[in-house]
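First up is the structure itself, then whatever we jot down about it.
All figures in this text were calculated on a predicted structure; none of them were measured in a lab. Residue numbering restarts at 1 for every chain, and letters A, B, ... go by the order of the sequence lines.
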Number of protein chains: 2
Amino acid sequence: MTNENTGKGRVTVRRIAEEAGLTIGSVSSVLNNKHVERRISPATVAKVRETAARLGYMPNINARRLRSGSESLNTVTLAVITSYEAPLTLVNNIIKAIRTSVDQERKEGSPYHYTVTIEMFPAGDLGSVPGLLAGSHFNAAIITNTTPKDDHFLQRNQLPYPVVLVNRATPGYAHVYEEPEIGASAADMLVDAGRKRLAVLHGSPVTQVIDNRTSSFMRQVSERLGAPVHEIVAGTLTESAAAEAMARFFDGGKRIDGLYAVTDGMALGAYHAIKQAGLTIPDDVAVVAAGDYNFSSLFDPPLATVGADPREQGAEAVRLLLDLIHQRRSRKTDVVMPGNPSPRASVGQA
Amino acid sequence: MTNENTGKGRVTVRRIAEEAGLTIGSVSSVLNNKHVERRISPATVAKVRETAARLGYMPNINARRLRSGSESLNTVTLAVITSYEAPLTLVNNIIKAIRTSVDQERKEGSPYHYTVTIEMFPAGDLGSVPGLLAGSHFNAAIITNTTPKDDHFLQRNQLPYPVVLVNRATPGYAHVYEEPEIGASAADMLVDAGRKRLAVLHGSPVTQVIDNRTSSFMRQVSERLGAPVHEIVAGTLTESAAAEAMARFFDGGKRIDGLYAVTDGMALGAYHAIKQAGLTIPDDVAVVAAGDYNFSSLFDPPLATVGADPREQGAEAVRLLLDLIHQRRSRKTDVVMPGNPSPRASVGQA
DNA sequence: CGACATTGCTAAAACCTTTTTTCTTTAGCA
DNA sequence: TGCTAAAGAAAAAAGGTTTTAGCAATGTCG
């Protein structure tokens, strides 16, 4: 049984009321299971239920929340906005950080309720997020995994609500971003370990963060070695795409002794391809990656990383956003996350 | 500058209007940047802006969405509900599946707009999710990572809107769950490889899925070997907790030749501990895990898994939910995901 | 048999916005 | 001066829902 609502717009309580020959109020009482206290007769209850089911009634959540409860008065809607293609690990950390902070506030007696929504956009098309410009869908947002194109969009259109960008700095917004020189630190690790023939492994989408990691690495290598860097480009930022790209690279007969992967997930893929090619880490190829996961120390051999702790980064972004929302201007408006180098066995360090 | 709203309830446009000696309509025009077309004087614009900023105005999103746009008429709010403690990998897959399905529908001319919200609850306290019983916050939900306690809650309180449980089957709900016998398949893999001294590695929270994986493994081992199974319990379901628990186990002088990890992330932790202990995989210890990630084939050695593809599982849950929402009853109401065994090197198979 | 409850429903207010319509002032011009 | 036009702001309507107050008919009881 498909619903019988034939094109006359969405089914509302009013529509049900008309159809059933009743008042909006009575219908509402039944639909909210208040028919006992409101003394609605069983026959009426049945009729309303039947009609609602037949028409495929779906309540308008906005109207419902608007009307009911002082609770709605203090509801703040937060959006986490990310591109489709990017890995969700950072988003996870942000979501968890939001829920943690919010619960904390709650315990401290804040009257606010928070709702968290997720919006995704095709990389480069941030503008397609509904309600983004008007602010009609949320009160504040954390935006991440943007491409340079998206950042330009943000610069052209100043969003009229509190926003924290987890990304490269963009004028006019609060932001949290990892120290830009982590690619350089990675280069240092490899060069200091005596490696000469280096490669960088990256892929699409080329978000600002990825671009940053890549370019600072290449710049530093060029500065210290004066040698070119192999650029190995995977189709996506996934582990398996990384493995494939590396395998292709080795099949091409190319040889390197040091590799920088822009995410540690990609490094895992690279590990596999390297071992597959009969090479050892770090003796034949030293590997270092930017750290997104928190378990790269469990790789075999433990993976050297340089990078900001993504959990800390998520927490910092949320802290910033809540400060903006509550107009606590005492706090700073942007945060650079230090990229702690963790030299580990994959570059020959204990 | 903290906002000056002193406890008189939330700041609304009305409040701003009073404070500024204007009408609601004028205030609204300014706040929506319509002051040019609506011919509001610059002085008034400034006054409104100043007042809004001073009071810390935050628009009521529900009221805004209710009023503006036919778009709001066809908005469906979907919730993804999960426990805090559980890993978000399944949730990721669900979110991505939602966005994909929804875009697909969109292209096919569906008039609906979808909003996705995330709700989290402390494991065992599903009831604390706001709006859960009344359905006042969303039109439909996918609920996952529940504990047995949560499932009882769901059974006692039938939720008055479409719900898909990603979990063990619960009467009265549509559900997607992985084939219950995957623990048994894992046991078979280990026993068939000639392993006799087996252990299972799990941790909190003990969701239905985890419980299922564990108990079917133990049952099958007991049936086939008649021998007891070591139960190694990690603090959480994370990689590092798994590594620690395994290290403790080995430190206790215990010896095993086969291990079943309830998630492949935990298997990664176990790998590390096993190698740390000077043992090799699979010669000394064969390892098999239930597959949550999609890169376990890149582990060293490639990890044997039995498990449902989490991407497929997410997609299936979303398909089910949309069917329920649109009352397409032709489709089935529950789905059992087959647990495809992937024997790999970690159990001595190519 | 009149006061009073109970039943089952209707009517209307309220939630907070946005948008459209209407009204009042002021300015411009002949 | 008398009229029109423009500017600026007020007023009202609309959006879907829940809840409160109330009304008419019927039943109960002293």
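No side-chain donor from either of B/Q313 and B/N93 sits under 3.5 Å from a side-chain acceptor of the other. Between the side chains of B/T147 and B/D150, at least one donor N or O sits under 3.5 Å from an acceptor N or O. With no hydrogens or angles considered, no side-chain donor-acceptor pair links B/N145 and B/T207 at under 3.5 Å. Of the N and O atoms on the side chains of B/Y114 and B/E105, at least one donor lies less than 3.5 Å from an acceptor on the other residue. With no hydrogens or angles considered, a side-chain donor-acceptor pair links B/T44 and B/S41 at under 3.5 Å.
Heavy atoms of other residues, nucleotides or ligands lying less than 6.0 angstrom from CZ of A/R14 number 12 at most.
For the pair B/R14 and C/dC16, the criterion of a side-chain N or O lying under 4.0 Å from OP1 or OP2 is not met. The phosphate of D/dT19 (OP1 or OP2) has no side-chain N or O of A/R67 nearer than 4.0 angstrom. For B/Y57 and C/dT17, the shortest distance from a side-chain N or O to OP1 or OP2 is below 4.0 Å.
Atom pair A/M58:CE and D/dG16:P shows a separation of 14 Å (rounding to whole Å applied). The distance between atom CD1 of A/I16 and atom P of D/dT18, rounded to the nearest whole Å, is 10 Å. When the P atom of D/dT17 is taken as reference, atom CG of A/N62 falls 11 Å away, rounded to whole Å. Following rounding to the nearest Å, B/R15 (CZ) and C/dC15 (P) show an atom-to-atom distance of 15 Å. Atom CG in A/L66 sits roughly 12 Å away from atom P in C/dT18 (whole-Å rounding). Atom CZ of B/R64 is separated from atom C1' of D/dG16 by 19 Å (rounded to the nearest Å). In this entry the distance linking CD of B/E18 with P of D/dA9 reads 18 Å, nearest Å. Rounded to whole Å, atom P of C/dA14 lies 17 Å from atom CG of B/N60.
Pair check for D/dA25 finds C/dT6; Watson-Crick or G-U wobble, both atom distances under 3.5 Å.
The stretch residues 22-32 of chain B comes close to DNA chain C through B/I24, B/G25, B/S28, B/N32, each having a heavy atom under 4.0 Å from the strand. For the segment residues 33-50 of chain A, the set of residues with a heavy atom within less than 4.0 Å of an atom of DNA chain C comprises A/R38, A/R39, A/I40, A/S41, A/T44, in numerical order.
Across A/T333 and A/Y173, no two heavy atoms sit closer than the pair OG1-O, 4.5 Å. Closest heavy-atom contact between B/P148 and B/Q208: CA-NE2, 3.6 Å.
Although no hydrogens or angles enter the test, the distance criterion places a donor-acceptor pair under 3.5 Å between the side chain of B/Y161 and the main chain of B/L132.
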